[in-house]
Amino acid sequence: MKKQIISLSLKVFLFFIISFQLNASEQAWKIAQEGDKIILIRHSLAPGGGDPTGFKVDDCKTQRNLNRTGINQSKKIGKLFKKNKIPVDQVLSSQWCRCKDTAKYAFGDFKEFTALNSTFQSPYDQNEAKQLKDLYAFVKDWDSNGKNLVLVTHYSIITAVTNAVPSSGELVITDKNFEVLGTIQTD
């Protein structure tokens, strides 16, 4: 009897957790539908951490890249934007291949923006202050026209501007001051 009660309690708990997450995602999509938001997306799944020693930004073969799951996750992001009728002004991406591929598979059209490049490891960690200054200036001057600005980047940038620590393919929706309004998991 005791095991049955524990099992039932666990099932009820899991039901409430899943229901809460679904409701939070629905609310976040509604916020994004309003437009005038910044939607930061951490690149989709690219197994590993950091990049190999001596990698080159302009050579994808030297970088950590999306795997099949990451490619499918990117396509899912694009489908979710369409399904939820999210207005997009423009999509900007880090120059890292895993970010560009996420943007390409999700949205097709995008532009590279160096302020979104990773600052996770040397020597790129030395660029963080300048990149953040450039990012804040761009967003301050951005005219949304009632649409959203999509930024495909790395957790190091997202964490620096929002204090959120997103998983691969996670969306962090903010206002122009980078105040977090909602998050959406896409795995």
Side-chain angles (χ1 to χ4, degrees), residues 23-46 57-58 60 66 70-119 124 127-187:
N23 189 40
S25 288
E26 287 175 26
Q27 292 294 0
W29 284 119
K30 286 180 182 176
I31 291 167
Q33 287 169 343
E34 298 168 1
D36 300 318
K37 305 299 183 289
I38 309 300
I39 302 176
L40 298 122
I41 302 174
R42 181 178 177 194
H43 62 78
S44 293
L45 188 62
V57 173
D58 60 352
C60 294
L66 302 183
I71 291 169
N72 290 336
Q73 186 179 38
S74 300
K75 291 176 181 178
K76 180 180 178 182
I77 291 168
K79 288 176 184 172
L80 287 168
F81 267 72
K82 286 179 183 166
K83 175 186 170 193
N84 289 286
K85 298 179 175 86
I86 305 303
V88 175
D89 176 47
Q90 60 183 310
V91 177
L92 302 177
S93 173
S94 158
Q95 294 179 303
W96 269 236
C97 296
R98 57 187 172 269
C99 291
K100 294 190 299 185
D101 285 345
T102 299
K104 175 183 76 176
Y105 287 115
F107 303 101
D109 245 5
F110 69 92
K111 293 179 183 162
E112 294 179 22
F113 185 32
T114 57
L116 299 174
N117 288 350
S118 178
T119 57
Y124 300 98
N127 301 337
E128 184 177 62
K130 180 188 181 324
Q131 285 179 226
L132 294 179
K133 181 180 174 189
D134 291 347
L135 179 57
Y136 289 130
F138 181 87
V139 168
K140 182 181 177 201
D141 293 340
W142 170 65
D143 182 7
S144 69
N145 296 314
K147 297 180 180 180
N148 297 299
L149 176 62
V150 176
L151 305 175
V152 182
T153 187
H154 308 264
Y155 87 86
S156 59
I157 296 297
I158 296 171
T159 300
V161 297
T162 67
N163 287 323
V165 183
S167 58
S168 295
E170 186 171 352
L171 286 65
V172 178
I173 302 166
T174 74
D175 60 17
K176 284 182 80 169
N177 296 314
F178 292 104
E179 293 294 323
V180 176
L181 305 173
T183 62
I184 299 170
Q185 298 265 344
T186 62
D187 50 3

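Summarising the geometry, atom CD1 belonging to Ile77 is positioned 11.0 Å from atom CG belonging to Asn72; distances are rounded to the nearest 0.5 Å.
Side-chain N or O atoms of Asn148 include one that pairs as donor or acceptor with a backbone N or O of Ala32 at under 3.5 Å. Ser44 contributes no side-chain N or O that, together with a main-chain N or O of Thr102, makes up a donor-acceptor pair within less than 3.5 Å. At least one donor-acceptor pair under 3.5 Å links the side chain of Thr159 to the backbone N or O of Ala164. A donor-acceptor pair is defined here as one N or O able to donate and one able to accept, closer than 3.5 Å; no such pair exists between the side chain of Thr162 and the backbone of Val180. The closest donor-acceptor contact from the side chain of Lys85 to the backbone of Gln33 lies at 3.5 Å or more, if one exists at all. Thr153 places a side-chain N or O within donor-acceptor distance of the main-chain N or O of Leu116, the cut-off being under 3.5 Å.
Residue pairs meeting the salt bridge (charged side-chain N to carboxylate O under 4.0 Å, His left out) criterion with at least one member in residues 131-158, sequence neighbours excluded, are Lys130-Asp134. Among pairs with a residue in residues 104-116, those fulfilling salt bridge (charged side-chain N to carboxylate O under 4.0 Å, His left out) read Lys100-Glu112, Asp101-Lys104, at least two apart in sequence or across chains. Screening residues 36-45 for salt bridge (charged side-chain N to carboxylate O under 4.0 Å, His left out), with sequence neighbours left out, gives Glu34-Lys37. Each disulfide (SG to SG under 2.5 Å) pair with one or both residues in residues 72-110, not counting sequence neighbours, appears once here: Cys60-Cys97.
Side-chain contact check for Leu171 versus Phe81: some heavy-atom pair is nearer than 4.5 Å.
Under the side chain to side chain donor-acceptor pair (under 3.5 Å) criterion, Ser94 pairs with Asn117, His154, not counting sequence neighbours. With sequence neighbours excluded, no residue forms a side chain to side chain donor-acceptor pair (under 3.5 Å) with Gln131.
The environment of NZ in Lys176 is crowded: more than 12 heavy-atom neighbours from other residues, nucleotides or ligands sit within 6.0 Å.
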